Amino acid sequence: MARALELARRGLYTAAPNPRVGCVIVRNGTVIGEGWHEKAGAPHAEVCALRAAGEKAAGATTYVSLEPCTHHGRTPPCDEALIAAKVARVVAALQDPNPLVAGRGVAGLREKGIAVDCGLLENEARELNLGFVSRMTRGRPWVRVKLAASLDGKTALLNGRSRWITGEAARRDGHHWRACACAVLTGIGTIKDDDPQLTVREVATPRQPLRVVVDSRLEIPLAARILEGGGVLVAAARDERAKIAALEARGAEVIVMPNRAGKVELGELFRELARREINEVHVEAGYRLNGSLLQEGHVDELVLYLAPNIIGDAARGMFSLPELTDLSGRRELKMQDLRMVGSDIRVIARFV
């Protein structure tokens with residue numbers, strides 16, 4: 001199963017919107033077939049492994065990191081392929097959270113006399129597919145906020161300048177997280193201050209994530225670099241036809257979803273992204289949008305790079321939040337990982 005998970009990681013940048021899945025087929029203690037799911041529309045991991053195993057798959061044990069699917073989607077169901085190959089046993093790490101499967105794959109295999117066990121390295125399999133699990137069970141993507149800050153927690157000068165607080169290795173590592181995501185989200189403040197592209201450039205990937213800009217008043221300049229090359233979704237709170245038409249002419253799509261305060265309804269935005277099969281959202285935004293996301297309960301995880309420098313009090317922090325008068329109102333986090341990336345410290349933490 002560890003090998004199946006290793007194979008599944010090969011789809012880290014490409015499998016979305018599908019889950020990352022790996023498969024290993026073993027007979028008499030010998031691996032006779034391996035496979036992994038590369039991208040939507042490509043064969044699933046089980047099918048790839050069965051093709052490699054050929055007729056030897058009969059009577060073998062199949063280790064797969066996710067319960068075999070039972071429905072016709074972009075490809076035929078994997079349970080039928082396993083049954084046709086006459087495997088004797090299937091070991092699945094994680095039950096598929098997709099309501100179209102959700103235990104049906106296990107039940108269907110057992111009905112055909114195939115022994116099935118679930119739960120081996122389940123946590124590792126879930127970690128690999130946090131976004132897919134989130135979309136299937138919560139109706140919204142997994143939201144990861146990336147922050148680069150000085151050791152005293154400052155992300156930019158008061159004038160908005162932030163290039164570069166952290167080192168080259170940390171910036172390169174940040175591109176890995178962009179590549180993992182289905183969408184990269186930012187706010188109009190970051191567009192004005194930094195004019196970023198928010199594309200993946202530092203790691204090799206055939207797929208660029210959707211870029212999403214939260215821009216309540218449609219202030220994004222038509223010359224903004226993020227609009228180059230298309231693949232941009234602008235979430236607004238104003239239905240200004242002329243500006244929307246101009247943005248559409250630049251290749252962007254605009255959706256209007258205001259809340260009562262005249263800003264973008266962030267919860268509805270994430271539900272819309274889930275409807276578009278977005279599993280993971282990587283946020284690179286300023287302290288105001290970060291604060292709004294946190295206050296409204298949309299942040300699942302932080303990826304924080306802390307640089308060995310001090311900027312001082314007259315600078316921007318990580319989150320714009322109301323003042324606390326009691327420490328009982330603080331936001332609790334659980335540390336997931338702590339390591340050096342170049343000269344910077346990388347902290348991965350999740351909200352309790």
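From a predicted model like this one, the values you see are computed outputs, not experimental measurements. Only heavy atoms go into these numbers, but all of them, side chains included; no hydrogens, no water, no symmetry mates.
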**Message:** Check this for me: does any side-chain nitrogen of one of R140 and D300 sit under 4.0 Å from a carboxylate oxygen of the other?
**Reply:** yes

**Short side-chain donor-acceptor distance under 3.5 Å, D152 and S150** = yes

**Item:** Pairwise side-chain contact, N290 with M318, heavy-atom cut-off 4.5 Å (strictly under)
**Value:** no

**Item:** Nearest atoms (heavy-atom pairs only) where C78 meets E46
**Value:** SG-OE1, 3.5 Å

**Of D215, L233, V213, L247, the residue whose pairing with V254 passes side chain to side chain contact (heavy atoms under 4.5 Å, CB included)** = L247

**Asked** Under a 4.5 Å side-chain heavy-atom rule over Ile, Leu, Val, Met, Phe, Trp and Tyr, are V145 and Y287 clustered together?
**Response** no

**Message:** So F132 and L94, do their side chains get closer than 4.5 Å, heavy atoms only?
**Reply:** no

**Asked** Would you say the side-chain atoms of R27 pair up with the backbone N or O of G59, donor to acceptor, closer than 3.5 Å?
**Response** no

**Prompt:** Between E268 and R271, is the closest basic N to carboxylate O distance under 4.0 Å?
**Reply:** yes

**Request:** In sequence, state the C-alpha distance, the side-chain angles, and the governing distance for L12 and R20, and then conclude on side-chain contact (heavy atoms from CB on, under 4.5 Å).
**Result:** CA-CA 7 Å; L12 200 61; R20 299 146 181 159; 3.8 Å; yes

**Prompt:** Does a side-chain heavy-atom distance below 4.5 Å link V256 with I244?
**Reply:** yes

**Asked** Any sub-3.5 Å donor-acceptor pair from Q95's side-chain atoms to C118's backbone N or O?
**Response** no

**Asked** Got a donor-acceptor contact below 3.5 angstrom from the R350 side chain to the K334 backbone?
**Response** no

**Prompt:** What about V352 and M335, same hydrophobic cluster or not, with Ile/Leu/Val/Met/Phe/Trp/Tyr joined at side-chain heavy-atom distances under 4.5 Å?
**Reply:** no

**Prompt:** Between atom CD1 of I165 and atom CG of L151, what is the distance when rounded to the nearest 0.5 Å?
**Reply:** 12.0 Å

**Message:** Nearest 0.5 angstrom please: E127 CD to L5 CG, how far?
**Reply:** 11.5 Å

**Item:** Y63/E34 under side-chain contact (heavy atoms from CB on, under 4.5 Å): CA gap, chis, key distance, verdict
**Value:** CA-CA 9 Å; Y63 294 87; E34 292 185 339; over 6 Å; no

**Message:** Show the nearest heavy-atom pair for residues G35 and L7, with the distance to one decimal.
**Reply:** O-CD1, 3.8 Å

**Item:** Exam field: side chain D194 to backbone P196, donor-acceptor pair closer than 3.5 Å
**Value:** no

**Prompt:** Is a donor on one side and an acceptor on the other found under 3.5 Å between the side chain of T155 and the backbone of A148?
**Reply:** no

**Atom of N279, atom of P17 and distance for their closest heavy-atom approach** = ND2-O, 3.0 Å

**Over 12 non-hydrogen atoms of neighbours within 6.0 angstrom of CG in N159** = yes

**Asked** Charged N to carboxylate O under 4.0 angstrom, E272 versus R275?
**Response** yes

**Min side-chain heavy-atom separation R331-Q295 under 4.5 Å** = yes

**Message:** Please determine whether salt bridge (Lys or Arg N to Asp or Glu O under 4.0 Å) holds for the pair E202 and R171, giving the CA-CA distance in whole Å, both sets of side-chain angles, and the decisive distance to 0.1 Å.
**Reply:** CA-CA 8 Å; E202 296 293 335; R171 297 197 297 274; over 6 Å; no

**Message:** Is the shortest side-chain heavy-atom distance between L222 and K243 below 4.5 Å?
**Reply:** yes

**Prompt:** Between R211 (side chain) and V232 (backbone), is there a donor-acceptor pair under 3.5 Å?
**Reply:** no

**Exceeds 12 heavy-atom contacts within 6.0 angstrom, atom CG of D337** = yes

**Request:** For E284 and L198, work out which heavy atoms get closest and say how close.
**Result:** OE1-CD2, 3.9 Å

**Prompt:** Mind checking whether H37 and H44 have parallel, tilted or perpendicular rings, split at 30° and 60°?
**Reply:** perpendicular

**Item:** Donor-acceptor contact below 3.5 Å, side chain H175 vs main chain R201
**Value:** yes

**Heavy-atom side-chain contact between M136 and P99 under 4.5 Å** = yes

**Salt bridge E253-R276, side-chain N to carboxylate O under 4.0 Å** = yes

**Prompt:** side-chain contact (heavy atoms from CB on, under 4.5 Å) between V347 and L302: does it pass, once the steps are laid out?
**Reply:** CA-CA 8 Å; V347 178; L302 300 182; over 6 Å; no

**Fill in**
Between the CZ atom in R104 and the CG atom in D79, the distance rounded to the nearest 0.5 Å is 11.5 Å

**Prompt:** Would you say the side-chain atoms of Q336 pair up with the backbone N or O of I348, donor to acceptor, closer than 3.5 Å?
**Reply:** no

**Request:** Find the distance between CG (L227) and CD1 (I220) and round it off to the nearest 0.5 Å.
**Result:** 4.0 Å

**Message:** Heavy-atom count check: over 12 atoms from other residues, nucleotides or ligands less than 6.0 Å from E168 CD?
**Reply:** no

**Prompt:** Just how far is it from atom NZ of K154 to atom CD1 of I310, taken to the nearest 0.5 Å?
**Reply:** 10.5 Å

**Request:** Locate the shortest heavy-atom distance separating A81 from V47; write the atom from each residue and the value.
**Result:** CB-CG2, 4.4 Å

**Request:** Flag the pair R9 and E6 as a salt bridge only when some basic side-chain nitrogen lies within less than 4.0 angstrom of an acidic carboxylate oxygen.
**Result:** no

**Prompt:** If we only count heavy atoms from C-beta on, is the E38 to C48 side-chain gap below 4.5 Å?
**Reply:** no

**Residues in side-chain hydrogen bond (donor to acceptor under 3.5 Å, both in side chains) contact with D239, at least two apart in sequence or another chain** = R241

**Prompt:** Is the count of non-hydrogen atoms from other residues, nucleotides or ligands lying under 6.0 Å from R217 atom CZ greater than 12?
**Reply:** no

**Message:** Give me the atom names and distance for the closest heavy-atom approach of V264 to A235.
**Reply:** CG2-O, 3.3 Å

**Fill in**
Taken to the nearest 0.5 Å, the spacing of N98 CG from T137 OG1 works out to 11.0 Å

**Co-membership, hydrophobic cluster, residues V184 and I188, 4.5 Å side-chain** = yes

**Message:** Check whether N129 reaches the backbone of V133 with its side chain - one donor and one acceptor, N or O, closer than 3.5 Å.
**Reply:** no

**Message:** Quick one, V212 and F270 - any side-chain contact, counting heavy atoms below 4.5 Å?
**Reply:** no

**Item:** Whether T190 side chain and G286 backbone form a donor-acceptor pair below 3.5 Å
**Value:** yes

**Prompt:** Can you list the steps and then say if D193 with R316 is a salt bridge (Lys or Arg N to Asp or Glu O under 4.0 Å)?
**Reply:** CA-CA 12 Å; D193 290 338; R316 298 180 183 181; 2.8 Å; yes

**Request:** State plainly whether one hydrophobic cluster holds both I191 and L218, where clusters connect Ile, Leu, Val, Met, Phe, Trp and Tyr through side-chain heavy atoms under 4.5 angstrom apart.
**Result:** yes

**Message:** Please tell me whether L210 and V143 are part of a single hydrophobic cluster in this structure, the criterion being side-chain heavy atoms less than 4.5 Å apart.
**Reply:** yes

**Fill in**
Per side chain to side chain donor-acceptor pair (under 3.5 Å), Y13 is matched among H176, K39, R207, R178 by H176

